[in-house]
**Student:** 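Right, I'll just put the structure down here and ask away after.
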Amino acid sequence: MKRLVQELKDSGIGLVYQNPEQDKYTFAHQACVVCLECLPTCKAICCKFSFALPKQDIDESILRWDFGRPYMIAQDENGHCVYLDCETYQCIARENRPLPCRGVDCSRSNRWRVWQDYEKKIVNSESLESLESNRENKKNGLPNH
């Protein structure tokens, strides 16, 4: 375990765990963003964010994680979550989506700056560039910056 944690740190992946764990089905702080209104503009950029699946999802064995990056949400070759329908930009695992997906409020999040201006629906181009760079680094086996 210590070796795996050190390898993840060295590779720049790192993991973030919930403390304490919360039940995703009774989570009281669901995001209030109206995703369907934003999707034509943002193209589900939030579905490109990489994150560690909470223990509940690992235990349920419903959602897939990336074998090469233990417990990180599985992503396709374009860097999207494997549960994103890339034609409709809708989540095909909506009923079982992990807690991070339920709680991220892209209109206010400082960690993931999706919008330059949420009210005017202007996507943050720096976030798009950073995600694309991280995807290329992952593809080439390089650490993310």
**Student:** Which residues pass the salt bridge (Lys or Arg N to Asp or Glu O under 4.0 Å) test with Asp59, sequence neighbours left out?
**Tutor:**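 Expected list: Lys55.
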**Student:** What distance do Cys106 atom SG and Ile45 atom CD1 have between them, rounded to the nearest 0.5 Å?
**Tutor:** 9.5 Å
**Student:** Does any part of the side chain of Ile73, heavy atoms only, come nearer than 4.5 Å to the side chain of Pro100, both counted from C-beta?
**Tutor:**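 No. Closest side-chain heavy atoms not under 4.5 Å.
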**Student:** With a distance cut-off below 6.0 Å to the six-membered ring centre and an angular limit of 45° from the axis, does Lys120 pair with Tyr118 as a cation-pi contact?
**Tutor:** no
**Student:** How close do Lys121 and Cys38 get, heavy atom to heavy atom, and via which atoms?
**Tutor:**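 Reported closest heavy-atom pair: CE-SG, 3.6 Å.
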**Student:** Does Leu39 reach the side chain of Gln90, with side-chain heavy atoms less than 4.5 Å apart?
**Tutor:** yes
**Student:** Taking Val82 as the starting point, is it possible to reach Leu53 by hopping between hydrophobic residues whose side chains are less than 4.5 Å apart?
**Tutor:**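 Leu53 and Val82: one cluster.
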**Student:** Look up atom SG in Cys42 and atom CG in Asn124, then write down how far apart they are to the nearest 0.5 Å.
**Tutor:** 12.5 Å
**Student:** Please walk me through it: do Tyr83 and Arg64 pass side-chain contact (heavy atoms from CB on, under 4.5 Å)?
**Tutor:** CA-CA 9 Å; Tyr83 298 103; Arg64 293 184 359 226; 3.4 Å; yes
**Student:** Under 4.5 Å between any side-chain heavy atoms of Ile122 and Trp115, yes or no?
**Tutor:** no
**Student:** Look up atom NZ in Lys43 and atom NE2 in His80, then write down how far apart they are to the nearest 0.5 Å.
**Tutor:**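 Spacing of NZ (Lys43) from NE2 (His80) equals 10.0 Å.
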**Student:** May I ask whether Leu63 and Leu84 are part of the same hydrophobic cluster, defined by side-chain heavy atoms of I, L, V, M, F, W, Y residues being less than 4.5 angstrom apart, directly or through others?
**Tutor:** no
**Student:** Apply the test side-chain contact (heavy atoms from CB on, under 4.5 Å) to residues Asp57 and Lys24: give CA-CA distance (whole Å), side-chain angles for both, the deciding distance (0.1 Å), then the verdict.
**Tutor:** CA-CA 9 Å; Asp57 290 303; Lys24 67 183 180 181; 2.3 Å; yes
**Student:** For the residue pair Asp66 and Gln75, confirm or rule out a side-chain donor-acceptor distance under 3.5 Å.
**Tutor:**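 Side-chain D/A pair, Asp66 to Gln75: absent.
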**Student:** Measure from the side-chain N and O atoms of Asp23 to the backbone N and O of Tyr25, and report whether any donor-acceptor pair falls under 3.5 Å.
**Tutor:**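 Flag set: sc Asp23 to bb Tyr25 pair under 3.5 Å.
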**Student:** Should the ring pair Phe67 and Trp65 be called parallel, tilted or perpendicular, given that the plane angle runs from 0 to 90° and is split at 30 and 60?
**Tutor:** parallel
**Student:** Is the shortest side-chain heavy-atom distance between Cys101 and Phe51 below 4.5 Å?
**Tutor:** yes
**Student:** For the residue pair Gln56 and Glu21, what are the closest heavy atoms and their distance?
**Tutor:** N-OE1, 3.8 Å
**Student:** With no hydrogens and no angle check, is any side-chain donor or acceptor of Arg97 less than 3.5 Å from a backbone partner on Arg94?
**Tutor:** yes
